[in-house]
Amino acid sequence: MNILFVGDVFGSPGRRIVREHIGHLVKERGVDLVVMNAENSAGGFGVTPAIADELFDLGAHVLTTGNHVWDKREIIDYMQSVPATSHERARRIIRPANYAPGSPGYGFYEGALPGGQTYAVINLQGRVFMNTFDEPFHIVDALLRQITAKVILVDLHAEASSEKIAMGWHLDGRVTAVLGTHTHVPTADNRVLPNGTACQTDVGMSGPYDSIIGVEKELVLARFLTGMPGKFEAAKGDARMAAALIECNGATGRATSIHRLMLGE
Ligand SMILES: [Fe+2]
Ligand SMILES: [Fe+2]
């Protein structure tokens, strides 16, 4: 079984570059399951129901998010519009599972592909340098007790590489992959741990690389240079798609390989 995980899709340049490449990638690599991090897909900040639809139309089965999930307020009602047992698109957008109890939406999704292959996707957020309610290591232990699928993908949306690598070792042999998102910078440490969990500290951004992590360079620089608040806008140039391709055994969930992908214009 082949899984494609697309790193933080940033604004329209990110959506465009994913649209350009995903068709042939899925076909040539025999991809069965597609997961995308969508927290920056709407103009760099958040995700709307319409943009989620666009990503589902491109072939995403599940969309994960992170700290920007609520930036576009309309996603809140949308994510709350379905019960936990639903398999509709609104249920297949998830937010970190370790947010405050009672937060809108759901922290994981469990489903099946048309052929019957079951899978689950868990979204978590790190705590180092971030405002996260609950500690993700014990939260994921509790979630794994209720998930029956063997193929399990974890998107740990976190700033610190140490926290993401620690999660990989914590879950080695219990999930198919632990993939880091949020920094928008891909790391070259993709590997399969001894008990069959594929890991990469950060998959990187699918978006404009002529930028500072997706935002217009001048605007971010001005904030660093002056300390003054200012509006951030998504950059446009040098769009690239960053993704990880994981091969695993569909029956056991054990990963056999993880490859980094970086596709440009
Ligand atoms: Fe992001
Ligand atoms: Fe983020």
Side-chain angles (χ1 to χ4, degrees), residues 4-23 25 34-48 50-52 54-55 58 60 63-75 93 95-96 123 125-126 128-131 155-161 163-164 179-190 200-245 259-265:
L4 180 70
F5 183 91
V6 181
D8 300 49
V9 179
F10 198 102
S12 56
R15 297 186 333 259
R16 192 186 68 243
I17 198 77
V18 172
R19 192 181 315 119
E20 221 167 89
H21 290 284
I22 196 157
L25 251 179
V34 178
V35 179
M36 300 183 190
N37 184 296
E39 73 149 0
N40 308 112
S41 56
F45 303 92
V47 52
T48 64
I51 282 173
E54 201 181 315
L55 299 177
L58 289 177
L63 301 177
T64 56
T65 56
N67 55 304
H68 286 292
V69 61
W70 311 132
D71 287 1
K72 299 280 185 283
R73 310 288 297 174
E74 56 265 49
I75 205 66
I93 308 179
R95 46 83 178 157
N123 200 177
Q125 188 164 298
V128 180
F129 310 129
M130 297 184 94
N131 298 316
D155 173 349
L156 174 53
H157 198 76
E159 197 77 63
S161 45
E163 196 174 18
K164 293 190 261 191
L179 301 160
T181 59
H182 176 69
T183 69
H184 296 189
V185 180
T187 58
D189 63 339
N190 50 303
Q200 187 177 341
T201 299
D202 208 294
V203 176
M205 170 183 70
S206 295
Y209 275 73
D210 183 19
S211 70
I212 295 174
I213 65 169
V215 175
E216 282 291 357
K217 301 187 292 286
E218 293 70 21
L219 304 176
V220 180
L221 264 175
R223 189 175 291 187
F224 278 116
L225 290 170
T226 68
M228 294 302 289
K231 200 170 150 29
F232 278 174
E233 272 171 42
K236 291 178 180 60
D238 191 17
R240 300 186 223 165
M241 172 178 169
L245 189 67
H259 293 284
R260 272 179 288 127
L261 301 173
M262 181 63 91
L263 299 151
E265 288 175 305

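Side-chain contact between Phe45 and Lys72: present, with at least one pair of heavy atoms (C-beta onward) separated by less than 4.5 Å. When side chains are defined from C-beta on, Leu263 counts as touching Leu25, because their heavy atoms get closer than 4.5 Å. Inter-residue side-chain proximity for Thr65 and Ile75 is flagged as unmet; no heavy-atom pair is nearer than 4.5 Å. Two residues are said to be in side-chain contact when any heavy atoms from C-beta on lie closer than 4.5 Å; Asp155 and Leu179 fail this criterion. Looking at heavy atoms from C-beta onward, Val185 lies out of side-chain contact with Asp202 at the 4.5 angstrom threshold.
Under the 3.5 Å distance criterion, the side-chain polar atoms of Ser206 are matched with a main-chain donor or acceptor of Ala242. Of the possible donor and acceptor atoms, one in the side chain of Arg15 sits under 3.5 Å from a partner among the backbone N and O of Ser41. Between the side chain of Lys164 and the backbone N or O of Ala158, at least one donor-acceptor pair lies under 3.5 Å.
For Met241 against His21, the heavy-atom pair with the smallest separation is SD-CB, 3.8 Å. Arg16 approaches Ala239 most closely through the heavy-atom pair NH2-CB, 3.9 Å. What you find for Met262 and Pro186 is that their closest heavy atoms are CE-CG, 3.5 Å.
Remark: the Asn40 side chain and the His184 side chain contain an N/O donor-acceptor pair separated by less than 3.5 Å.
Considering Asp8, Asn37, Asn67 in turn, Asn67 is the only one that fulfils the side chain to side chain donor-acceptor pair (under 3.5 Å) rule with His182.
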